[in-house]
Amino acid sequence: MVGTSVVADAKSSFGKGQLAATLTVSAKENVAEGVVSLTLTHPSGARLPDWTPGSHIDLVLPEGTTRQYSLCGDRWDAYTYRIAVLREPAGRWGSPRSSEAESGGGSAYVHDRLRPGDRVGVGGPRNHFPLVPSEKYLFIAGGIGITPLLPMVRQAELLGADWQLLYGGRTRSSMAFREELTAAYGERVHVVPQDELGLLDLAAWLGTPRPDTRVYCCGPTPLLAAVEAACAAWPPYALRVERFTAGAQAAPVRDTPFEVELRRTGHTVTVTPDVSVLEAVRRAGADVLSSCEQGTCGTCLTPVLEGQPDHRDSVLADHERAANDCMFPCVSRSCGDRLVLDL
Ligand code: FES
């Protein structure tokens with residue numbers, strides 16, 4: 001994926017095919033130790049907006065919290081969405097795309113209180129982790145990070161691609177969809193429970209860099225860091241990761257104010273070190289959607305017309321950052337005195 005395709009995704013995410021709707025929990029099922037899946041349908045039985053592998057939705061719970069969860073069902077089923085939610089009682093991030101430094105309320109609510117027949121607010125779907133066409137894929141999942149990869153392997157199989165999945169988890173019983181995957185795809189799926197087989201042997205599994213192969217990884221931060229290190233010699237476009245939580249960021253490039261011009265409205269605002277670009281442009285009247293406000297969900301993606309953003313998100317790959325054509329104003333700032341945004 002290149003930067004321009006990210007912008008295209010973002011533009012589509014604010015337009016047609018997006019929900020800001022109430023859906024019904026039509027089924028709730030235990031799919032692994034500490035993991036439940038939810039099936040969501042429209043109360044009227046209407047079809048739902050189309051989505052592609054790697055997409056996520058916003059789940060707005062009756063208690064008022066909003067979380068992002070990857071869609072892990074059948075993308076060709078136009079009437080249902082499926083997500084899987086890991087219980088995180090200790091107040092940690094609950095799943096891929098889970099968006100807040102939470103108090104444990106989001107995933108605990110889903111596990112303990114949400115019932116079939118309940119209604120939940122849903123936004124999206126959006127996709128900042130799209131599956132790029134390729135003849136060969138290596139998929140690497142850690143724990144609940146299997147969710148965005150599940151529809152990807154189905155797609156790769158449908159398209160006749162050469163693919164393999166390396167799936168690690170604490171124990172077999174904690175690994176959601178393990179049996180479904182091994183039953184459907186047999187030896188293409190390599191299941192590695194840590195208590196039986198230890199950590200994933202990434203160096204052996206990835207082997208030497210292959211320019212014809214795309215690597216997709218989702219899982220906890222240490223796994224992503226290990227995969228990034230193991231792919232250091234691969235072409236820059238080869239690896240695509242999706243994070244549970246915001247990655248570590250260096251200090252901002254500048255600690256002095258800068259200007260942001262909102263080209264469409266003609267307003268210019270000064271962004272001081274103590275406010276985000278998102279906050280500053282909203283004060284100027286810009287209507288920018290946001291969710292996580294931590295640079296992980298991709299909701300606030302904004303096209304950049306001029307200037308060089310100080311990218312501080314956990315969504316864009318390095319080559320996408322270098323394109324300088326979009327930014328996430330909830331966390332990203334400016335390298336120079338001025339940015340011009342398509343707002
Ligand atoms: S609101 Fe989530 S990336 Fe900005």
Side-chain angles (χ1 to χ4, degrees), residues 1 3-15 18-20 51 54-61 64-71 83 92-102 106-107 121-130 145 147-148 218 221 224 240-250 252 260 262 269 271 274-304 307 309-318 320-321 323-334 339 341-343:
M1 184 178 68
T4 48
S5 67
V6 175
V7 174
D9 284 339
K11 285 178 176 170
S12 67
S13 76
F14 298 112
Q18 294 295 296
L19 278 174
W51 58 281
S55 295
H56 67 273
I57 57 170
D58 301 320
L59 190 70
V60 186
L61 297 168
T65 55
T66 300
R67 301 285 184 273
Q68 284 80 42
Y69 293 101
S70 297
L71 289 169
I83 60 173
R92 302 294 299 276
W93 295 58
S95 81
R97 317 284 351 162
S98 181
S99 68
E100 295 177 31
E102 54 179 284
S107 66
V122 173
R126 284 183 284 273
N127 195 347
H128 298 297
F129 189 45
T147 50
C218 185
T221 301
L224 301 186
R240 190 79 208 188
V241 303
E242 179 156 83
R243 298 181 182 281
F244 292 13
T245 57
Q249 303 292 334
V260 173
L262 290 69
V269 295
V271 183
D274 57 324
V275 300
S276 67
V277 173
L278 179 66
E279 195 178 342
V281 300
R282 280 179 170 165
R283 285 179 190 169
D287 185 17
V288 181
L289 293 180
S290 70
S291 182
C292 71
E293 302 198 358
Q294 296 185 11
T296 58
C297 75
T299 304
C300 69
L301 191 145
T302 301
V304 174
D310 174 12
H311 292 290
R312 307 180 58 72
D313 63 86
S314 302
V315 177
L316 298 177
D318 287 347
E320 293 166 341
R321 293 180 171 208
N324 280 333
D325 59 3
C326 63
M327 68 182 288
F328 297 93
C330 64
V331 290
S332 295
R333 304 186 66 80
S334 177
L339 281 176
L341 304 181
D342 189 15
L343 291 173

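In each ligand, atom 1 is the first atom listed, and ligand 1 is the first ligand listed.
The part of Thr296 lying near ligand 1 is the backbone, judged by heavy-atom distances below 4.0 Å.
Between Phe328 and His128, the angle of the ring planes goes over 60°, which puts this pair in the perpendicular group of the 30/60° scheme.
Per-residue contacts place Cys330 under 4.0 angstrom from the following atoms of ligand 1 (heavy atoms of the residue considered): 1 (S), 3 (S), 4 (Fe). Residue Glu293 has at least one heavy-atom neighbour below 4.0 Å for each of these atoms of ligand 1: 1 (S), 2 (Fe). Counting the atoms of ligand 1 from 1 in the order shown, those under 4.0 Å from a heavy atom of Cys300 are 1 (S), 3 (S), 4 (Fe). Interface atoms of ligand 1 facing Gly295, defined by a heavy-atom separation under 4.0 Å, are 3 (S).
Without hydrogens or angle criteria, Arg312 side chain to Gln294 main chain gives no donor-acceptor distance under 3.5 Å.
To the nearest 0.5 Å, the span separating CG on Asp310 from CG on Leu339 amounts to 9.5 Å.
Here Cys292 does not reach atom 4 (Fe) of ligand 1: none of its N/O/S atoms is less than 2.8 Å from the metal. Because the distance cut-off is set at 2.8 Å, Cys297 fails to qualify as a neighbour of atom 4 (Fe) of ligand 1, as none of its N, O or S atoms comes that close.
Salt-bridge annotation for Glu279 and Arg333: absent, with no side-chain N of the basic residue lying under 4.0 Å from a carboxylate O of the acidic one.
Closest to atom 3 (S) of ligand 1 among all protein heavy atoms lies Gly298 N, 3.3 Å.
Using modelled atom types, one finds no donor on one side chain facing an acceptor on the other under 3.5 Å when comparing Arg126 with Ser55.
Considering Thr296, Asp58, Thr299 as possible partners of Gln68, the one that fulfils the side chain to side chain donor-acceptor pair (under 3.5 Å) test is Asp58.
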